[in-house]
Amino acid sequence: MISSHQLRCTGCASRIAGDQVPSDFRCANCQSLFEVVYPWSLATPETTRQDLPNPAALRWLWQERRTSTQAIDQSGVWRFRDLLPIVRDLERVTTLREGNTPLYELPRAERALGLNWVLAKHQGMNPTGSFKDTGMTAALSVAVERGFEWVACASTGNTSAAMAAYAARAGLRSIVFIPDGKIAWGKLSQSMDYGALTVQLRTDFDGCVRLVNELVRAHPIYLLNSVNPYRLEGQKTPAFELLEQMDWQVPEHIIVPGGNLANSSALAKGFAEAKLLGLIQRLPRISIIQAEGANPLYQAMQASEGRELVPVTAETRASAIRIGNPASWQKAVNALQSTGGWCEQVSEAEIAIAKAEIGAEGIGCEPASAVTLAGLKKLAADGRVGKEDRAVLILTGHTLKDSDYTINFHRNELLSEAEQASLTSAQRGEAAELRKPPFVLDADRDTVLRALEAQMQQPTTVS
Ligand code: F0G
């Protein structure tokens, strides 16, 4: 059975033991980030089948665990623990039964885009409402095993919510650095609710990252940003769960939002390991979508095919991905290149419409997640995604995370005049149809019935 792991530098390929890693998770030789490797994931062409975990046995085991009453089996992350042996004592794993998220079909989007398959893996249906929970259960369990009392992160809101919750469950204390006034209220409230020490810094996310690095260099505090490679071991498991939900068929496309640019590589690692083990025979293309105002990867791919990234000053209402200097950009470039995916950018107005469309499917998501549908439209328009292809959008956060955004859209108070003007007349018409502002009426029978009867006579507009 697989029992050990190491950390391998993604820059110079040097390998170290897990507990030898510097507190900022950067290689002492070359400052690059690490990835977790296992004896089986280092398999060479000479490795024989017998040296690798057996795919049929794994599939059976993972399925069996679904009916178990053990917390660790009920977790949609630790159910796949055979492929993330990063903690020795499984009794001490901190889990909120994360993962196990639904895979939905989006029929409205299929019709609108003329595609046969548009699917959404809704990672917002995790315990704290975002995909971060899958990574946090993994890295926080490592923090517990290594004896840390304090954990910390810089965040645009979701990492901090997840970290605060898992730290509270484990009895650890947590420090959150967030950009003052730049995160959604739902996320800020979670960090307070779960008892974190919440520090609002008068800077942006990139400024918060600088400060949290100073903090962990000065004190024995465990850093839980996605530079921590154990986070990505948890975040790779939705790849296995998705494949299981699709009966081990491989979708042609996975589409993810890009912010600090770690999640794309986590999923790519999951699919690559599944292929290595013979669970699947080919990889899906992983495409990354950024907001136009926070698009350093998009620019890097255009200018230098990802050889160099120039940080930008980020500005977008999709506050989760308001990041100008993404830590894991090189990992994201590898994910794009190893899977043959694309990086696209989408405008504020395109994000707003896509978010309302996902809401109109009865599903909903936070603004950053909606870039996936806006990006899919671009990939479908020029044939990069074909009619028969199965495209899976990774919806990263729950719609309740940022209800201000939703309300402003429906009241037509979100987009500026210039942003509205950037829309085609068809898009403007669609936005108008999607908007469902509340009616404010006197509580009088005739007034209410007359107003509603007028509405009932309108033809249904949702396609
Ligand atoms: N979607 C949501 C809802 C997010 O919260 C984030 C990142 C992303 C997408 C982008 O993922 O960074 O791996 O490319 N949020 C981080 C945070 C930065 O602090 O919550 P990524």
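Small disclaimer: the values here were computed from a predicted structure and weren't measured. Remember, it's 1-based here, ligands and their atoms both numbered in the order they're listed.
E366 pairs in a side-chain hydrogen bond (donor to acceptor under 3.5 Å, both in side chains) with only one of the listed residues (N158, T406, T399), which is N158. Tested against E35, the residues R8, R231, K331 include a single salt bridge (Lys or Arg N to Asp or Glu O under 4.0 Å) partner, R8. Of the residues R384, Q290, K378, the one that meets the side-chain hydrogen bond (donor to acceptor under 3.5 Å, both in side chains) test with E344 is R384.
When only modelled atom types and interatomic distance are considered, Q190 and K401 share a side-chain donor-acceptor pair under 3.5 Å. A donor-acceptor pair shorter than 3.5 Å can be found between the side chains of Q420 and N412. Using modelled atom types, one finds a donor on one side chain and an acceptor on the other under 3.5 Å when comparing Q345 with N295. Under the 3.5 Å distance criterion, with hydrogens and angles disregarded, a donor-acceptor pair is assigned to the side chains of H5 and Y230. If you check the side chains of T137 and W78, you find a donor sitting under 3.5 Å from an acceptor. No hydrogens or angles considered: a donor-acceptor pair under 3.5 Å links the side chains of Q245 and K121.
Set against the non-hydrogen atoms of S155, the atoms of ligand 1 under 4.0 Å away are 17 (C), 19 (O), 20 (O). Remark: ligand 1 atoms within the under-4.0 Å shell around heavy atoms of N263 are 13 (O). Numbered from 1 in the order shown, with element, the atoms of ligand 1 that lie under 4.0 Å from a heavy atom of F131 read 1 (N), 2 (C), 4 (C), 6 (C), 8 (C), 9 (C), 11 (O). Which parts of ligand 1 touch L261 is read off a 4.0 Å heavy-atom cut-off, strictly below it: atoms 12 (O), 13 (O), 14 (O), 21 (P). Annotation for ligand 1: atoms under 4.0 Å from non-hydrogen atoms of I321 are 8 (C), 9 (C), 10 (C). Heavy-atom contacts of T156 reach the following atoms of ligand 1: 15 (N), 16 (C), 17 (C), 18 (C), 19 (O), 20 (O) (cutoff under 4.0 Å). Near E366, meaning under 4.0 Å from one of its heavy atoms, ligand 1 places the atoms 3 (C). Near T159, meaning under 4.0 Å from one of its heavy atoms, ligand 1 places the atoms 16 (C), 17 (C), 19 (O), 20 (O).
Annotation: atom 12 (O) of ligand 1 to nearest protein heavy atom, N260 N, 2.7 Å. For atom 2 (C) of ligand 1, the nearest non-hydrogen atom of the protein is T396 OG1, 3.4 Å.
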How far apart are the C-alpha atoms of R79 and E244, what are their side-chain angles, what is the distance that settles it, and do they pass the salt bridge (Lys or Arg N to Asp or Glu O under 4.0 Å) test?
CA-CA 12 Å; R79 195 157 66 78; E244 200 178 48; 2.8 Å; yes
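Among the atoms of K187, none of the N or O lies under 3.5 angstrom from an N or O of ligand 1. Ligand 1 has no N or O atom lying under 3.5 Å from any N or O atom of G397, backbone or side chain. In terms of polar-atom proximity, defined here as any N/O pair under 3.5 Å, N158 does make such a contact with ligand 1. For ligand 1, the polar-atom distance check finds an N/O of A262 within less than 3.5 Å of one of the ligand's N/O atoms.
Under 4.0 angstrom from ligand 1, there are no non-hydrogen atoms of V256. Counting heavy atoms closer than 4.0 Å to ligand 1, residue K132 contributes side-chain atoms (C-beta onward) but none from N, CA, C or O.
The residues R108 and E361 are annotated as not salt-bridged, no charged nitrogen and carboxylate oxygen being separated by less than 4.0 angstrom.
Heavy atoms of I323 come nearer than 4.0 angstrom to ligand 1 in at least one pair.
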